[in-house]
Each structure stands twice: as C-alpha cells, then as structure tokens.
Amino acid sequence: MKPSDTTSIQHSARQVAIEIIANILLQQGSLSTQLARHQTDVASEHIPLLKELCFGVCRQYPKLNSVALSLLSHPFEEKDTDLYATLLLGLYQLSYMNTPDHAAVNESVEACRLLNKDWATKLMNAVLRRYQREGDEIIASLESMPSVEYNQPKWLVKRFNKHWPDQLEEIIEASNTHPPMCIRVNESAVSRETYQTQLSELGIKSNAGEFSPSALYLRNAVRVSELPNFEEGFSSVQDEAAQLSAHILLPKSGEKVLDACAAPGGKTGHLLEVAKDIELTAVELEPWRMEKIESNLERLGYSAHLICADAGDLDAWWEGEQFDKILLDVPCSATGVIRRNPDIKINRKPADINELVEIQREIVNQVWKTLKPNGFLLYVTCSLMPEENEQQIHQFLESQLDANEVPLNTINEDLSIEWGIPVSHGRQLFPSLEGHDGFYYCLLQKISA
C-alpha cells in the first residue's frame, strides 16, 4: 500500500471517529451502538485505529474536556460539535498516542476542511499548537479540578466519595484503565484446567479467576479467533463478576428459568452451559440486542425461547406459567463498568440515576409475579450506586411481604462467597485493577403461602 493510501484510510478512520464522538456528545447513542453502526465505514484493518480513537477520547474525556475549554475563548456552538470532537481527537493524539505532533495538528486542520468548515482551520491550528507549547503548564493549572485529578465527572467523584470513601482510589484507578481480557470456559465442553493448558500450548498465558470457577484472565489480550475451539463454543469473553450469576442461581435440569433483560446473552449462554436441558426464556427489549443473544447461543450450540419485549410489561410476553428461577440483570447506571463503557463519562448524568431507579422498581415488582413460590430471583446490576442496589432491595422487601433475602450461596453451597463486601442487602463488588468489574448481587426467595 502506498503511503498516500494509508493516509487517506487513516483520515477516513479519523473522520468516522469525529462523527461517532460528535454523536455521543450530542446524546445520540452510546459508544457501542455508534461503533456497531459506523465501523463498517472504514477498512477492516483500520477498525482498531477507529476504536483506539473513540475509546481513548471517551476514556480521557473529563481531562480532555477541561483542557479544551481552557484553550478556547468561546465554546463551539452545538452546530459545530463536530469541530469540538475534532479538537478532542487532536488533544488525545498529542497526549496519549505516538502520532508525531505535527501530524496530529495537520490532521486536525485537514479534518476541518473535510467537514466543509474551512473557517475553523486557523483556530484549530492555533489552539493545538498552543497546547504543544504549553501543555504541561495548562494541565498543572487545572490539576485541582476533579475532572483532571480523577479523570471522572465531578458529580460522579462526589457520589463515589460519599458512598465509598474507603474504596474511592481503588474505584477511580480501576475505572480509568483498560480492563483485562477475561474468558469463561464452557465447563460442559472442557475443564478450565484443560483449556488453560491448551491456551498455554498456543503461547497464550492465563491465570485462573479467584471467584468464578469458569474464569480465566489472559495476560495479554488476543483475538477470539486465536482461542482454541472458540467457534465451537468452548469459551466466551465475559468478565469474572458477570460469570457469578449462573454459579449463584445454579439452574438444574428440567427447571423453568427466566433471563430478564438478557442482552447481550453472555449470562444466557452461561445458564445453559450449567444445565443445557433447562427450559430457558430470555426477554430483551431492543431488537438489535436480541440479535446478539441469537448469535451467542448459535455459536454455543444452545437454544432458548427468545422474546423481544419489555420485561416489566407482563401482558406483552408472559403466558402465566411461573418460573423456578429468575436472573434479573436490570438496566442500570453501569458505573461499575466505566472502563468498558467509557462514554459513561460523557453521557451519564445525576438525574439518570433517579430515572433508572424507577425503571428498576417497576421491572422487579412486575417480574416477581412470574416467580413460583419457593423460587429464587437473583437481582443483579453493574452499578456502584446504593440507590440502584441495596436501597432498591430494601424498598422491594418492604413492599413485597412474600419476599425473603437469602445468602448468595443458598442454592450453590460449594460457591465460596469471599468477593466484594456485604452491604445492608446483598453484596457489592468494586472494579479491580487486574480483575473483575464492579457488580452487585442479591438473592431473593419467594415465601410459600
């Protein structure tokens, strides 16, 4: 490939990154949905570059945003959000990538022309060149700002410090890093020890997870195509904390099981790996996310009754037969998985928490009706907010007189519950630097009349 060809493709990746970041800034979708929609707009070999630009800007957004605003005498108008995305990309390249400084500046200036906004070229050039010269001094002058010191939104740092002062540094550090690659071994097909040996024979080093008996952490991330028998369903990419769901519920042959709010289907597949002959129903609201569940199950060689509906709208999907066990992984703030969804630093707002609490309350109260007497419901979030977790469960137990909280290893007595910390109801896990994400678990049982 000629150098000019390479440059044009990289410009293409850059322009797509500008569009994606601008859309995120305008609250027009998450990073994952934007990437799914637009990554085909660049050559396949340059998708890693696109992801690096998009994930990088989102991950460093609080700091980059503070720096950018300090460099501008006037913020860009909403109609020029694409120019602001261009500036953020330029700052990211200058600060965190190996792009030569002159190239990062020139590409940003050229991007203005490609956006048909030639009037902004001089401004973009001047601002980025000033950052080249005075970057260290500018950052030093902003260090007292939480957005720069912690690289998190100010409101979120306040919440973390209020709820988890002893864990604040741990949460911040883990939330700002790249997550490790963790896989779930399909123990119905191969033992974890055997699979770890197979990985080792391929030069892929791994460490066994401490809490999930099916978890392996890869010391260096690899493409899934490099994993032994991946297409045959021998393993899946899934965080260790997320893997605990199936081990806690431990479905047994013949049981009728519900996976509510099921996308993207990792937990759905794991439930079937634990007991493939359960009668599993998976409910998911978004059609495009339902496609992910179908794809995951097809690769694993399993099937389930898939329903595209709002789990809280029983009239839309429930036929009246109650379930033995329910996995309820409710929509949440995802504040325990910021490192995997760094656009949370841009999109999540304090008011979202209250809205999500109401949605969760409606779902859990409705789904509870579909549980058999003596049955179990596992309430799960990937949130660190007590309002969504222990406080939500407290209110639920106050209102549902036939509900009783039980220890997390009630069903699976062999499961060691040494992870996270006990809270007033359930257990809270925090994201760890080289380990699992932040999750919350609480196991409930319906009292027989």
| message | Please evaluate residues Arg223 and Glu226 with respect to the criterion salt bridge (charged side-chain N to carboxylate O under 4.0 Å, His left out), reporting the C-alpha separation (whole Å), side-chain torsions for both, the decisive distance (0.1 Å), and the verdict. | response | CA-CA 6 Å; Arg223 294 186 297 272; Glu226 299 177 51; 3.5 Å; yes

Test side chain to side chain contact (heavy atoms under 4.5 Å, CB included) on Thr86 and Phe76; report intermediate values, then the result. CA-CA 11 Å; Thr86 302; Phe76 285 110; over 6 Å; no

Worksheet item: Step by step, would you call Val357 with Gln391 a side chain to side chain contact (heavy atoms under 4.5 Å, CB included)?
Response: CA-CA 10 Å; Val357 166; Gln391 293 174 19; over 6 Å; no

Going through the distances and angles, do Ser214 and Tyr195 end up as a side chain to side chain donor-acceptor pair (under 3.5 Å)? CA-CA 10 Å; Ser214 51; Tyr195 199 77; over 6 Å; no

message: Run Leu384 and His163 through side chain to side chain contact (heavy atoms under 4.5 Å, CB included) and show every step you take.
response: CA-CA 9 Å; Leu384 303 181; His163 297 309; over 6 Å; no

- Message: One pair to check against side chain to side chain contact (heavy atoms under 4.5 Å, CB included): Asp352 and Arg348. What are the steps and the verdict?
- Response: CA-CA 7 Å; Asp352 295 342; Arg348 190 67 72 220; 3.5 Å; yes

Which is it for Arg14 and Ser108 under the side chain to side chain donor-acceptor pair (under 3.5 Å) test, yes or no, and what are the steps along the way?
CA-CA 9 Å; Arg14 184 187 179 84; Ser108 300; 2.6 Å; yes

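Stacking of Lys349 on the aromatic ring of Trp155 is not recorded, the 6.0 Å distance cut-off and the 45° axial limit not both being met. Remark: Arg299 qualifies as a cation-pi partner of Phe230 under the 6.0 Å distance and 45° angle criteria applied to the six-membered ring.
You'll find the side chain of Leu280 reaches within 4.5 Å of the side chain of Thr268, heavy atoms only. Contact annotation: the side chain of Arg37 never approaches that of Glu19 to less than 4.5 Å [non-hydrogen atoms, C-beta and beyond]. Side chains of Asp324 and Val257 form no contact here, defined as non-hydrogen atoms less than 4.5 Å apart. Between Ile248 and Leu415 there is a side-chain heavy-atom pair separated by less than 4.5 Å. In this structure the side chain of Val148 never reaches within 4.5 angstrom of the side chain of Pro62, judged on heavy atoms. Counting heavy atoms from C-beta on, the side chains of Glu284 and Ile293 come closer than 4.5 Å. Side chains of Trp318 and Thr281 form no contact here, defined as non-hydrogen atoms less than 4.5 Å apart.
Contact detail for Ala241 and Phe439: the closest heavy-atom pair is CB-CD1, 3.6 Å. Of all heavy-atom pairs spanning Ile183 and Ser235, the tightest one is CD1-CB, 4.4 Å. Residues Ala174 and Ser432 approach most closely at CB-C, 3.9 Å, considering heavy atoms. For the pair Asn347 and Ser30, the tightest heavy-atom approach, listed with the atom from each and the gap, is ND2-CA, 4.3 Å. Closest approach of Leu50 and Gln39 over heavy atoms only: CD2-CA, 3.7 Å. Smallest separation of non-hydrogen atoms from Ala22 and Asp82: CB-CA, 4.0 Å.
Taking a 6.0 Å sphere around NZ of Lys51, one finds it holds 12 or fewer heavy atoms contributed by other residues, nucleotides or ligands. Within a 6.0 Å sphere centred on NZ of Lys292, other residues, nucleotides and ligands contribute 12 heavy atoms or fewer. Within a 6.0 Å radius of CG in Asn220, no more than 12 heavy atoms belonging to other residues, nucleotides or ligands are found. The number of heavy atoms from other shown groups lying within 6.0 Å of CD (Glu210) does not exceed 12. Within a 6.0 Å sphere centred on CD of Gln27, heavy atoms belonging to other residues, nucleotides or ligands number more than 12. Remark: Lys205 NZ is loosely packed, at most 12 non-hydrogen atoms of other residues, nucleotides or ligands lying under 6.0 Å away.
Side-chain contact, Ser424 with Glu390: a donor N or O sits under 3.5 Å from an acceptor N or O. Side-chain atoms of Ser175 and Tyr150 form no donor-acceptor pair, as typed in the model, at a separation below 3.5 Å. Counting only N and O atoms by type, the side chains of Thr197 and Thr194 include no donor and acceptor under 3.5 Å apart. With 3.5 Å as the limit, one finds no donor-acceptor pair spanning the side chains of Gln366 and Arg361. Side-chain atoms of Gln34 and Asn23 form a donor-acceptor pair, as typed in the model, at a separation below 3.5 Å. A donor-acceptor pair shorter than 3.5 Å can be found between the side chains of Glu388 and Gln360. A donor-acceptor pair shorter than 3.5 Å can be found between the side chains of Glu52 and Tyr92. With no hydrogens or angles considered, no side-chain donor-acceptor pair links Gln243 and Gln238 at under 3.5 Å. For the residue pair Asn176/Arg59, the side-chain donor-acceptor check at 3.5 Å is not satisfied. Side-chain contact annotation: Glu240 with Tyr217, donor-acceptor N/O pair under 3.5 Å present. In summary, the side chains of His425 and Glu405 do present a donor paired with an acceptor at a separation below 3.5 Å, with no hydrogens or angles considered.
Between Trp419 and Tyr441, the ring planes lie perpendicular to each other; the angle is over 60°, past the 30° to 60° tilted range.
No side-chain donor-acceptor contact under 3.5 Å links Trp317 to the backbone of Ile307. Not a single donor-acceptor pair under 3.5 Å links the side chain of Thr410 to the backbone N or O of Val406.
Asn151 CG to Gln60 CD: the interatomic distance, rounded to the nearest 0.5 Å, is 4.5 Å. In this structure, Lys369 NZ and Asp402 CG are separated by 11.5 Å, a value rounded to the nearest 0.5 Å. For the atom pair OG (Ser448) and NZ (Lys372), the distance works out to 12.5 Å, reported to the nearest 0.5 Å. Atom CD in Glu149 sits 12.0 Å away from atom OG in Ser66 (nearest 0.5 Å). Taking CG of Leu285 as the start and SG of Cys261 as the end, the distance is 8.5 Å to the nearest 0.5 Å. Of the inter-residue distances, the one linking Met181 atom CE with Leu218 atom CG reads 5.0 Å to the nearest 0.5 angstrom.
A salt bridge links Lys267 with Asp329; the closest basic N to acidic carboxylate O contact falls under 4.0 Å. Under the 4.0 Å criterion applied to side-chain N and carboxylate O atoms, Asp239 and Arg184 are not assigned as salt-bridge partners. The pair Glu187-Arg192 does not count as a salt bridge, with every side-chain nitrogen at least 4.0 angstrom from each carboxylate oxygen. A salt bridge links Arg339 to Asp437: at least one charged side-chain nitrogen sits closer than 4.0 Å to a carboxylate oxygen.
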